[in-house]
Amino acid sequence: MKLYKILPIIAFFILQSLVAKSQKKSIDQRVDSLIHLMTLEEKVGQLNQYSGAQATGPVTPRQSYMLNDIRSGRVGSMLNVKGVKDTREIQAQALKSRLKIPLLFGLDVIHGFKTVFPIPLAEAASWDLEAIKMSAHIAAKEAAAAGIHWTFAPMVDICRDPRWGRIMEGAGEDPYLASMIAKARVLGFQGEKLGKIDEVMACAKHFAAYGAVTAGRDYNSVDMSKQQLWQIYLPPFKAAVEAGVATFMNSFSTLNGIPATGNCYLQRDILKKQWDFSGFVVSDWGSIGQMIQWGYAKDKCDAAFKAITAGCDMDMESESYKWNLVKLVKDGKICESLVDEAVRRILYKKFELGLFEDPYKFSNEEREKEVLSDSSHRSFAREIAQKSIVLLKNENNILPLKKLTSKIALIGPLGKARRDLLGEWVVKADESSVTSLYDVLLQKVGKDRVSYVKGCDFSSVSHKGFAEALNIAKQSDIIIMTLGENCSMSGESRSMANINLPEVQEDLFEEIKATGKPVIVVLMAGRPLIFNKIADNASGIIYAWQLGSEAGNAIADVLYGDYNPSGKLPVTFPRSMGQIPLSYDYYNTGKPVKDPNQLSIRYTSAYIDVPNAPRYSFGFGLSYSNFNYSDLKLSANKINGKEKIDVSFKLSNTGKVSGEEIVQLYIQDVEASIVRPVKALKDFKKIKLDSEKSTIIHFTIDKEKLSFYNDSLQWTAEPGEFKVMIGAASDNILLNQSFELLR
Ligand code: GLC
């Protein structure tokens with residue numbers, strides 16, 4: 001490019017960085033000058049967070065206690081205050097304090113505020129990063145319009161154990177997919193730069209490895225090698241830092257014997273030193289005080305000492321900091337600089353958000369009304385719900401249903417459900433705004449063509465509803481069964497020792513199936529369930545997770561082909577409880593089985609009662625189209641560490657309808673200084689193709705995609721053979737070739 005053209009660009013970037021530096025410098029200066037004015041009590045106040053709904057109305061003793069602390073400058077943040085009216089009123093109390101430092105208002109806007117989007121695990125099944133980012137952006141827009149500055153999301157905990165109820169809240173089992181989704185969600189919530197009134201601070205949680213709790217039991221211990229921690233569980237957190245996430249939340253769990261809240265290795269060595277994280281860390285609810293129950297702290301004073309020393313900046317609801325930090329400083333047990341560092345991190349964010357210029361910036365009644373009634377949010381909710389649905393089975397192409405002609409029997413406890421379709425972490429929506437599948441089918445095919453019977457409860461053993469269900473089944477052409485979990489069967493503190501679909505639901509399915517009519521099962525749940533009888537005998541199976549406000553419409557859109565399903569599983573579905581934990585990136589072992597789908601001969605790493613293979617694999621999902629993969633080409637079969645390989649192949653839609661295909665690139669490091677998995681996801685693309693069309697897809701392999709944490713935790717790529725695999729699923733590799741990384 002000619003010099004006269006490039007000079008203005010260089011000048012622009014120099015100016016930009018000077019402005020940014022000056023802005024940062026001015027915030028740093030403003031933070032310094034404010035800290036200089038603060039008493040030790042006021043500094044500790046900034047580290048204290050209370051949960052409270054509103055300041056007005058019948059003020060309970062608890063509220064007057066909190067309001068008194070707020071007015072005295074002993075509170076830095078509130079959570080669970082929703083709406084312009086209440087945030088304004090509580091903020092007004094904070095501005096009565098000596099230094100008038102505004103409060104931060106935080107809330108669990110996990111998958112939507114008023115408009116509820118699919119639960120995060122469902123959105124992960126879309127593999128659609130732009131859609132996931134938009135979902136977070138709309139959630140932020142609605143929350144920010146309601147006075148919220150900060151969401152406690154994205155939850156980026158990798159999970160390979162569906163017994164853990166919070167698997168619904170993350171992005172599944174794979175570090176690469178979960179890292180891409182973490183970035184998308186952080187950017188969706190925060191935008192490129194904090195301070196806009198339609199964005200909120202994000203919070204990467206729960207740091208770290210909370211999804212690996214022992215036996216899938218919530219709040220339990222976590223024990224793993226540092227190599228596993230770095231290779232599998234930390235990458236999404238690192239990705240969140242790279243995306244500029246404003247805050248972190250530590251975890252209720254321990255890591256190798258030390259509670260995350262008091263874990264210096266996690267919060268100081270890794271997060272604040274190695275990753276140079278400049279935001280702040282909030283504890284989980286009461287987790288500082290809970291170090292006493294863990295047997296890691298003698299009392300709240302000791303807990304406060306251990307948490308602040310380990311780098312936990314803000315105390316959510318344990319009051320350990322409030323009652324002990326001043327004394328710890330005055331007794332010389334901790335330096336005031338430790339407190340100052342935490343205060344600085346928190347104040348910096350308040351300045352970045354612009355709260356000192358205008359503490360009511362996010363609390364505007366007019367904007368709240370306008371944003372919360374924006375109908376475009378609902379239409380997007382339907383779009384991302386469609387994309388999150390996974391078609392698991394479609395025998396003889398029974399789906400999509402022929403238009404409107406058949407008589408339908410809608411059977412099962414979720415047919416008319418509304419609140420259950422929203423899942424956990426619903427902070428503002430009301431269930432009357434949710435479209436049930438029954439509502440939509442009535443509109444679509446008319447009330448004389450749809451009959452509904454609940455048939456059974458979620459898990460009670462009563463069969464008394466079976467006869468009525470059988471009756472309508474016999475009078476119908478098509479049977480759609482809606483089975484799965486209600487909204488209280490997954491989520492926080494909802495671990496299940498048995499993730500088989502409740503027996504009564506499988507019994508109902510078997511009775512209905514015995515009519516000999518085709519049965520389509522729509523499964524809705526917050527986690528992978530085990531449903532082998534249905535998997536073997538249903539004609540069609542759709543996994544519809546918990547899809548949010550537009551669940552009914554999205555499911556009907558897929559059932560009738562108004563949307564061609566494109567979702568693929570972000571997590572492995574076991575065929576037996578005994579296989580858990582189970583993931584696609586297993587190790588080959590020294591005695592590998594020949595075919596993981598078959599019961600194996602002895603003296604191989606297998607069970608004698610079930611095959612190793614899952615019921616449905618990571619990356620699996622069907623479409624109404626058919627996609628063909630061919631012509632794999634590598635631009636080189638030997639590279640050194642500085643070179644890259646272009647991987648290309650042809651994708652064709654040989655089906656009759658246009659559709660989207662999620663193509664997946666896996667790599668195996670065949671031999672290394674520590675054992676490496678049989679494959680690891682290293683890239684993916686979601687490609688839309690019309691019927692009979694083809695396209696050439698390209699991926700780039702560089703040293704980064706060949707690297708791993710070795711036994712000394714160095715991030716390195718070792719010379720040797722690598723296998724490139726292109727798949728439609730982790731267990732459906734369609735093209736593969738090898739190449740060599742040279743010394
Ligand atoms: C809960 C959750 C955490 C949430 C916090 C505030 O216990 O563990 O994810 O953000 O408390 O509600």
Side-chain angles (χ1 to χ4, degrees), residues 47-53 66 75-82 103-113 119-121 136 139-140 143 146 148-159 164-171 178 182 185-186 189 200-213 216-222 233 236-237 240 245-255 259-261 263 266 279-291 293-294 307 312-320 423-428 488 490-495 526:
L47 315 189
N48 184 28
Q49 182 186 57
Y50 285 144
S51 172
M66 282 192 296
V75 183
S77 169
M78 294 292 290
L79 72 143
N80 293 332
V81 182
K82 295 170 229 174
L103 293 168
L104 279 175
F105 289 107
L107 184 67
D108 293 289
V109 185
I110 308 296
H111 56 110
F113 180 69
I119 56 171
L121 187 63
I148 303 303
H149 306 134
W150 175 25
T151 177
F152 304 126
M155 186 273 229
V156 300
D157 297 308
I158 293 286
C159 182
W164 190 50
R166 299 195 78 163
I167 193 170
M168 53 69 61
E169 210 175 324
R185 285 186 169 142
V186 168
F189 284 126
V200 295
M201 290 199 299
C203 180
K205 69 183 187 182
H206 306 77
F207 198 52
Y210 181 26
V213 281
R217 205 162 69 240
D218 210 350
Y219 314 131
N220 207 350
S221 56
V222 170
Y233 293 88
F237 287 102
V245 71
T247 68
F248 262 55
M249 181 185 292
N250 55 42
S251 161
F252 288 124
S253 47
T254 54
L255 177 67
T261 303
N263 198 306
L266 284 175
F280 68 85
V281 179
V282 64
S283 77
D284 203 335
W285 190 304
S287 64
I288 295 177
Q290 287 163 19
M291 290 198 280
Q293 284 87 335
W294 271 112
C312 177
D313 299 304
M314 185 181 279
D315 174 1
M316 180 190 285
E317 268 292 335
S318 93
E319 299 193 25
S320 305
E424 164 99 324
W425 296 114
V426 174
V427 288
K428 181 76 185 173
S488 307
S490 49
E492 182 178 353
S493 189
R494 289 178 175 140
S495 296

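Whatever order the structure lists ligands and atoms in, that order sets their numbers, starting from 1. Since the structure is predicted, the reported quantities are computational estimates derived from the model, not experimental observations. Note that the numbering runs from 1 along the sequence shown for the chain.
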Taking distance alone, with no angle check, do [X] and ligand 1 share an N/O pair under 3.5 Å?
| X | value |
| --- | --- |
| W285 | no |
| K205 | yes |
| Y210 | no |

Note to self: One residue to check: Q49. Relative to ligand 1, which of side chain, backbone, both or neither has a non-hydrogen atom less than 4.0 Å away?
What the structure shows: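 Neither; nothing of Q49 gets under 4.0 Å from ligand 1.
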
Notebook entry, point to check: Under 4.0 angstrom from ligand 1, any heavy atom of M155?
Noted result: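 Under 4.0 Å: no for M155.
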
Margin query: Going by the rule side-chain contact (heavy atoms from CB on, under 4.5 Å), which residues pair with T254 if we only count those two or more places apart in sequence or in a different chain?
Written below: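 Checked T254 against side-chain contact (heavy atoms from CB on, under 4.5 Å); matches are S221, P259, W294.
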
Item checked: For atom 11 (O) of ligand 1, closest protein heavy-atom neighbour ->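 The closest heavy atom on the protein side is D284 OD1, 3.1 Å.
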
Next item on the list: Identify, for atom 6 (C) of ligand 1, the protein heavy atom at the shortest distance, and state residue, atom and that distance.
Entry: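 Nearest protein contact, heavy atoms only, for atom 6 (C) of ligand 1 is D108 OD2, 3.3 Å.
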
Notebook entry, point to check: For the residue pair W285 and F152, is the inter-centroid distance of their aromatic rings smaller than 6.0 Å?
Noted result: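 No - the distance between ring centres of W285 and F152 does not fall below the 6.0 Å cut-off.
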
Next item on the list: List for me each residue that meets ring pair (Phe, Tyr, Trp, His ring centres under 6.0 Å) alongside H206, sequence neighbours excluded, and say none if there are none.
Entry: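 For H206 the ring pair (Phe, Tyr, Trp, His ring centres under 6.0 Å) partners, ignoring immediate neighbours, are Y210.
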
Note to self: So, taking the atom named CG in L121 and the one named CZ in R166, what distance separates them when rounded to the nearest 0.5 Å?
What the structure shows: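 L121 CG to R166 CZ: 13.5 Å, rounded to 0.5 Å.
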
Check: What is the distance from atom CG of L103 to atom CG of L79, rounded to the nearest 0.5 Å?
Finding: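 Output value for this atom pair is 11.5 Å.
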
